[in-house]
Amino acid sequence: MGILSYLIVGLVMGTLAKAILPGRVNGGWISTLVVGVVGAVVGGFLGDLIFNRGISGFFSLWTWLLALAGSLVVLAIYGVIKGRKSARS
């Protein structure tokens, strides 16, 4: 997949992850894009590690599912880190 594909998948899956886990990340489309792209990379890594099958093509359902799972993981980790910082303040 190319950079543009990662950006499109990241934006869509970041938006979906924010809809599933609302309130974890404040911000606009840039934070959504970052969460989604990082999530796609994390999902691809975890998919390759666990299932021996990572991110393949743009139109592959497996790619989109891994990107969503990775985005949810990144969003949950960010929420935990953000919660710890706000608890100290």
Side-chain angles (χ1 to χ4, degrees):
M1 270 188 8
I3 291 175
L4 184 60
S5 298
Y6 266 107
L7 293 177
I8 293 170
V9 170
L11 188 59
V12 172
M13 290 298 112
T15 303
L16 192 57
K18 284 176 77 173
I20 293 172
L21 295 175
R24 298 285 183 170
V25 176
N26 295 330
W29 65 274
I30 293 177
S31 65
T32 302
L33 180 68
V34 170
V35 166
V37 170
V38 171
V41 171
V42 168
F45 174 74
L46 290 176
D48 194 35
L49 188 69
I50 296 170
F51 303 112
N52 221 13
R53 186 172 175 197
I55 299 280
S56 52
F58 180 78
F59 294 106
S60 170
L61 180 63
W62 187 252
T63 296
W64 291 85
L65 292 175
L66 285 177
L68 177 61
S71 296
L72 290 171
V73 167
V74 168
L75 204 56
I77 290 171
Y78 180 79
V80 168
I81 291 171
K82 183 180 169 189
R84 286 184 186 171
K85 287 183 179 179
S86 64
R88 288 186 207 167
S89 300

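The basis for the numbers below is simple: all heavy atoms, side chains too, and nothing from hydrogens, waters or symmetry mates.
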Would the number of heavy atoms belonging to other residues, nucleotides or ligands and lying under 6.0 Å from CG of L49 be above 12? yes
Using a 3.5 Å cut-off and no angle test, enumerate the donor-acceptor pairs between side-chain atoms of residues 59-74 and protein atoms at least two apart in sequence or in another chain.
| residue | atom | partner | partner atom | Å |
| --- | --- | --- | --- | --- |
| S60 | OG | S56 | OG | 3.2 |
| S60 | OG | W62 | N | 3.3 |
| W62 | NE1 | R53 | O | 2.9 |
| T63 | OG1 | S56 | N | 3.1 |
| T63 | OG1 | S56 | OG | 3.4 |
| T63 | OG1 | G57 | O | 2.9 |
| W64 | NE1 | F58 | O | 2.6 |
| S71 | OG | A67 | O | 2.8 |

Show me the donor-acceptor pairs, under 3.5 Å and distance only, between side chains in residues 7-15 and residues at least two apart or in other chains.
| residue | atom | partner | partner atom | Å |
| --- | --- | --- | --- | --- |
| T15 | OG1 | L11 | O | 2.7 |

